[in-house]
**Student:** 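Got a structure for you, written out below as structure tokens; questions coming shortly.
These numbers come from the heavy atoms of this one structure, side chains and all, not from hydrogens, waters or symmetry mates.
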Amino acid sequence: MAKYMKRLQVIPILVMLILVFQGINSYVSEDQISTLGVIENDNIVKELDNLPNIIFMIGDGMGVEQLKAASMVEYGVLNGTIMDYEFSDYGLYGTNDIENKTTDSAAAGTALSTGQLTNYGRVGMKSNGETYVKNILEYLRYDFGYSSGIVSTTHIAHATPATYVAHSNSRHNYEEILSQMLNHELEVILGGGQNAAYIGNKNKAKTLAKNSGYDDIATNREELMKYTNTSEKLFGIFGQYQFEGGTYESHMPYELWRNTTLDPSLIEMTEAAINVLEKNPNPFFLMVEGGRIDHAGHRSFNTEDAYETKNQLNIIETIFFEKSVKKALEFAKNDGNTIVIVCSDHETGGMKLIDYSGLSTDDLPNKDMNRIDQMSKRLERISLLNVTWQGTAHTDTFVPIYAYGLNIDNFNVNQIIDIFWILNEELGSFPVIDDYKFTINDGVLDYYVSLKDLDTSATKINLFAISNDEISIMNEINIEFNNMAIMNYNNSMNIEFNETVEFFIEIMDGNNSVFSLGSENNLIAQQVEHLKPIFETTTITQSSSNQTLSETMLNSTIVSTSTEINENTEGDTTISSKTSNENVYFHAIPLWLSGYAIVYIRRKKLN
């Protein structure tokens, strides 16, 4: 593989969970599902010294015209943003969904984060509505060991941030999305939603964060500023303002209406997130969304006042998004090993800048002005623009991408999914599992694997089984791509296990492994509590009590502590390390997060 991936020395960690499957009761009952132990791994610390940080910034609803208008107001020229003169790579791309229809933020976010097109409204799911698709944050966090964070001016479980942390058939399943987000135990979560229905209020938000392992919790700007330079793990949820009708809005306030004593700006949240993440010795992935550009684009403009307000909110949100990019670029330049991507998920409203002749580089808003004077100057300049709007919905207009810090030879972006594959190439063209499926009928296992590998360097597909204290390769397929980066493979085999059996698929690429996510297609249980994998520890001393181990380490996910078959547990077989006299335990990882595509089947022993 390419430069970065060759430095990774990865041996897969085999972990086990108690899982209850739906839809297979005719084959196995719940009381037949047993617990498996772990196989020892002496090398689970990943070599990350040369992998880059990635700051991925999305202007939701931001098109070329929005950026031109913002540049004219702030700098007096059409192409005066930081991206125009500091970013070496630029392109325009289409954003339509898998049905070639105008997209929404869920389908577009999924395309950006996974490299796969899907349907309107789906979050991290294939268009079939059944298969989870692994996203870039999950690859980097669980296969590469990155720290990670999410920042947005929308409420935190909104469509775009959701596509980097969750898998759901509907973008409106906010509680489910929030639960999955918190299960990742991200180093940074910052956004709106303090008064969203699925959160409740400030006190409930604090309790939720505390119960999810966050000690540093910010619910206003002052608290965020306090933690910005000290925290190593930060949860912040904001949005303390009343909307036009007097009701509380669930998102963060538009920048024009922000009370600076209550809520931070996107610039401040971006800086805080970077400060937290750079304290971690591992590289980081940070997604930053300017989500309210889109919301301003959705506003009506049927009266003169409504038209004026729409222009003001949209352009000022774009200006402050660009200033957040400046903050990210400042860090990237000082760091020397950070990639910054600036892009959009779609354009909103069909904005068109018709005439800007009334503006020049004279009398610009400047840093010597206070906030009130700056905003007054911006509003004055916005009023001199002639802007038209096509409507209030998303459009299929091509949108821009800017990149800083890439080392790839060909920067070629034509459609929205290409952005994922650019990052994939930059990180060494690691193989990506597109789809897979297990089907078991009458002792016959059918399995299907579809994978994509840009440099066609993947070497094997391995099907493993663990049973009766032994791990064995059930099938080993040498991959031949025939000059194509996409490969599909189907196979069937008879199985005659009388004990608990675990199957999983692994894609080998040199010394590196990539595992697929779970899905209903392969009977993976979806509702599994997440426990963070251990990257820095190779051994843990055996507990004197199985119950204590279960409670303190695994939150009731039991790992075998016996090196022998447990004869006292009816029908159960336990698996433990065969490579050491001392048992080794690791945190269990939910399959849809870790990438372990594992099917647990408990079959009755034959009489």
Side-chain angles (χ1 to χ4, degrees), residues 55-58 60 137 147-158 160-162 164-166 174-175 177-241 248-255 257-280 284-292 317 320-321 323-324 327-328 331:
I55 305 176
F56 198 92
M57 309 191 73
I58 303 171
D60 196 313
L137 184 148
S147 58
S148 40
I150 297 292
V151 173
S152 179
T153 52
T154 68
H155 64 75
I156 57 175
H158 205 248
T160 299
Y164 287 83
V165 295
Y174 299 133
E175 292 183 0
I177 290 167
L178 177 63
S179 176
Q180 293 183 35
M181 176 185 290
L182 293 173
N183 284 341
H184 281 291
E185 299 183 5
L186 303 181
E187 282 71 23
V188 177
I189 299 174
L190 298 175
Q194 190 173 121
N195 294 294
Y198 65 91
I199 296 292
N201 55 48
K202 178 170 65 176
N203 292 332
K204 289 181 179 179
K206 286 185 174 181
T207 300
L208 180 68
K210 193 76 174 178
N211 291 341
S212 299
Y214 292 89
D215 293 323
D216 297 338
I217 303 167
T219 58
N220 57 51
R221 182 178 180 273
E222 181 180 359
E223 290 174 346
L224 180 68
M225 295 299 100
K226 179 178 70 173
Y227 292 126
T228 291
N229 296 314
T230 60
S231 179
E232 295 182 3
K233 185 177 181 182
L234 178 60
F235 181 93
I237 189 163
F238 312 103
Q240 298 185 67
Y241 81 110
Y248 280 102
E249 168 73 287
S250 62
H251 305 290
M252 294 192 67
Y254 287 109
E255 181 60 34
W257 298 340
R258 180 173 64 92
N259 185 326
T260 57
T261 65
L262 295 179
D263 290 305
S265 67
L266 181 62
I267 303 168
E268 291 166 336
M269 291 196 296
T270 301
E271 182 177 23
I274 292 171
N275 288 345
V276 172
L277 290 167
E278 71 170 326
K279 294 183 181 70
N280 192 298
F284 67 78
F285 174 85
L286 172 64
M287 192 287 291
V288 177
E289 182 199 22
R292 306 230 64 188
E317 287 299 308
F320 274 75
F321 175 76
K323 291 183 180 298
S324 301
K327 188 61 65 175
F331 170 82

**Student:** Which residues pass the side chain to side chain contact (heavy atoms under 4.5 Å, CB included) test with Thr228, not counting sequence neighbours?
**Tutor:**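 By the side chain to side chain contact (heavy atoms under 4.5 Å, CB included) rule, Thr228 matches Leu224, Met225, Ala272, Asn275.
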
**Student:** Using 0.5 Å steps for rounding, measure from the CD1 atom of Ile267 to the OG atom of Ser324.
**Tutor:**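 Result: 5.0 Å between the selected atoms.
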
**Student:** Do Ser152 and His158 make a side-chain contact, defined as non-hydrogen atoms from C-beta onward lying under 4.5 Å apart?
**Tutor:**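 With C-beta onward as the side chain, the pair stays apart.
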
**Student:** Going by the side chain to side chain contact (heavy atoms under 4.5 Å, CB included) test, name the single residue among Ile156, Ile150, Leu182, Leu178 that passes it with Val165.
**Tutor:**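 Running side chain to side chain contact (heavy atoms under 4.5 Å, CB included) over Ile156, Ile150, Leu182, Leu178 with Val165 returns exactly one hit, Ile150.
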
**Student:** Between the side chain of Gln194 and the main-chain N/O of Thr219, is any donor-acceptor distance below 3.5 Å?
**Tutor:**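 At least one qualifying donor-acceptor pair exists.
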
**Student:** Under the side-chain hydrogen bond (donor to acceptor under 3.5 Å, both in side chains) test, which residues partner Glu255, sequence neighbours left out?
**Tutor:**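 Once residues adjacent in sequence are excluded, the partners of Glu255 under the side-chain hydrogen bond (donor to acceptor under 3.5 Å, both in side chains) criterion are Arg258, Arg371.
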
**Student:** Taking only residues two or more places apart in sequence, or in another chain, which ones meet Tyr214 in a ring-ring contact (aromatic ring centres under 6.0 Å, His included)?
**Tutor:**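 Counting only residues at least two positions away or on another chain, Tyr214 forms a ring-ring contact (aromatic ring centres under 6.0 Å, His included) with Phe235.
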
**Student:** How many angstroms lie between atom CD1 of Ile189 and atom OG of Ser148, to the nearest 0.5 angstrom?
**Tutor:**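 Taking CD1 in Ile189 and OG in Ser148, the distance rounds to 9.0 Å.
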
**Student:** Please identify each residue that fulfils salt bridge (charged side-chain N to carboxylate O under 4.0 Å, His left out) with Lys323, with sequence neighbours left out.
**Tutor:**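 Result, salt bridge (charged side-chain N to carboxylate O under 4.0 Å, His left out) vs Lys323: Glu74.
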
**Student:** Main chain of Glu175, side chain of Ser179: is a donor-acceptor contact present, judged purely on distance under 3.5 Å?
**Tutor:**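 No, because the side chain of Ser179 does not come within donor-acceptor range (under 3.5 Å) of the backbone of Glu175.
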
**Student:** Under 3.5 Å, which donor-acceptor pairs do the side chains of residues 197-204 form with other protein atoms, sequence neighbours left out?
**Tutor:**
from, atom 1, to, atom 2, distance (Å)
Tyr198, OH, His155, ND1, 2.8
Tyr198, OH, Ala157, N, 3.1
Asn201, OD1, Asn203, N, 3.1
Asn201, OD1, Lys204, N, 2.9

**Student:** Drop me the distance from Ser147's OG to Glu278's CD, to the nearest 0.5 angstrom.
**Tutor:**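 It is 10.5 Å, given to the nearest 0.5 Å.
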
**Student:** For Thr260, which residues count as a side-chain hydrogen bond (donor to acceptor under 3.5 Å, both in side chains) partner, sequence neighbours excluded?
**Tutor:**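 Once residues adjacent in sequence are excluded, Thr260 has no partner under the side-chain hydrogen bond (donor to acceptor under 3.5 Å, both in side chains) criterion.
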
**Student:** Considering non-hydrogen atoms only, spot the tightest contact between Ala205 and Ile237 and give its length.
**Tutor:**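 Closest approach of Ala205 to Ile237, heavy atoms only: CB-CG2, 3.5 Å.
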
**Student:** Taking all atoms of both residues into account, what is the closest heavy-atom pair of Tyr164 and Ile58, and its distance?
**Tutor:**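 It is OH-CD1, 3.7 Å.
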
**Student:** Starting at CG of Leu266, measure out to NZ of Lys327 and round the result to the nearest 0.5 Å.
**Tutor:**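 These two atoms lie 12.0 Å from each other.
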
**Student:** If I compare all heavy atoms of Lys233 with all of Gly213, which pair ends up nearest, and what's the gap?
**Tutor:**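 Nearest pair, atom of Lys233 first, then Gly213: NZ-O, 3.6 Å.
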
**Student:** Show your working on side-chain contact (heavy atoms from CB on, under 4.5 Å) between Lys279 and Glu187 and close with a plain yes or no.
**Tutor:** CA-CA 10 Å; Lys279 294 183 181 70; Glu187 282 71 23; over 6 Å; no

**Student:** With the side chain counted from C-beta on, respond yes when Asp263 and Phe238 share a heavy-atom pair under 4.5 Å apart, and no when they do not.
**Tutor:**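 Side-chain contact under 4.5 Å: yes.
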
**Student:** Taking side-chain hydrogen bond (donor to acceptor under 3.5 Å, both in side chains) as the definition, give me every residue that meets it alongside Ser231, ordered by chain and number, with sequence neighbours left out.
**Tutor:**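 For Ser231 the side-chain hydrogen bond (donor to acceptor under 3.5 Å, both in side chains) partners, ignoring immediate neighbours, are Asp216.
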
**Student:** Does any N or O in the side chain of Glu268 come within less than 3.5 Å of the main-chain N or O of Ser265, such that one atom is a donor and the other an acceptor?
**Tutor:**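 Confirmed, Glu268 side chain pairs with Ser265 backbone.
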
**Student:** Going by salt bridge (charged side-chain N to carboxylate O under 4.0 Å, His left out), name the residues that satisfy it together with Glu232, two or more places apart in sequence or in a different chain.
**Tutor:**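 With neighbours one apart ignored, the set is empty.
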
**Student:** Report the residues that fulfil salt bridge (charged side-chain N to carboxylate O under 4.0 Å, His left out) with Lys210, sequence neighbours left out, ordered by chain and then residue number.
**Tutor:**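 If we apply the salt bridge (charged side-chain N to carboxylate O under 4.0 Å, His left out) test to Lys210, skipping adjacent residues, the hits are Asp215.
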
**Student:** How close do Gly239 and Pro253 get, counting heavy atoms only, and between which atoms?
**Tutor:**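 What the structure gives for the nearest pair is CA-CD, 4.3 Å.
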
**Student:** Considering non-hydrogen atoms only, spot the tightest contact between Ala209 and Ile217 and give its length.
**Tutor:**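 In this case the closest contact between Ala209 and Ile217 is CB-CD1, 3.7 Å.
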
**Student:** Taking the side chain from His251 and the backbone from Arg292, do they hold a donor-acceptor pair closer than 3.5 Å?
**Tutor:**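 No, the answer is negative, given that no donor and acceptor are paired below the 3.5 Å cut-off.
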
**Student:** Run the side chain to side chain contact (heavy atoms under 4.5 Å, CB included) test against Asn220 and tell me which residues pass, sequence neighbours left out.
**Tutor:**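 Checked Asn220 against side chain to side chain contact (heavy atoms under 4.5 Å, CB included); matches are Glu222, Glu223, Gln240.
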
**Student:** Check whether any side-chain heavy atom of Thr154 lies under 4.5 Å from a side-chain heavy atom of Pro161, and answer yes or no.
**Tutor:**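 Side chain of Thr154 against side chain of Pro161, heavy atoms only: contact under 4.5 Å found.
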
**Student:** Taking only residues two or more places apart in sequence or in another chain, which ones pass ring-ring contact (aromatic ring centres under 6.0 Å, His included) with Phe284?
**Tutor:**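 ring-ring contact (aromatic ring centres under 6.0 Å, His included) check on Phe284 returns Phe331.
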
**Student:** Report the distance from atom CG of Leu137 to atom CG of Leu286, rounding to the nearest 0.5 Å.
**Tutor:**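 So the CG of Leu137 and the CG of Leu286 are separated by 10.0 Å.
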
**Student:** For Thr160, give me all partners under side-chain hydrogen bond (donor to acceptor under 3.5 Å, both in side chains), at least two apart in sequence or on another chain.
**Tutor:**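 Asp60, Glu289.
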
**Student:** Find the distance between CG (Leu234) and CG (Leu186) and round it off to the nearest 0.5 Å.
**Tutor:**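 Answer rounded to 0.5 Å: 11.5 Å.
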
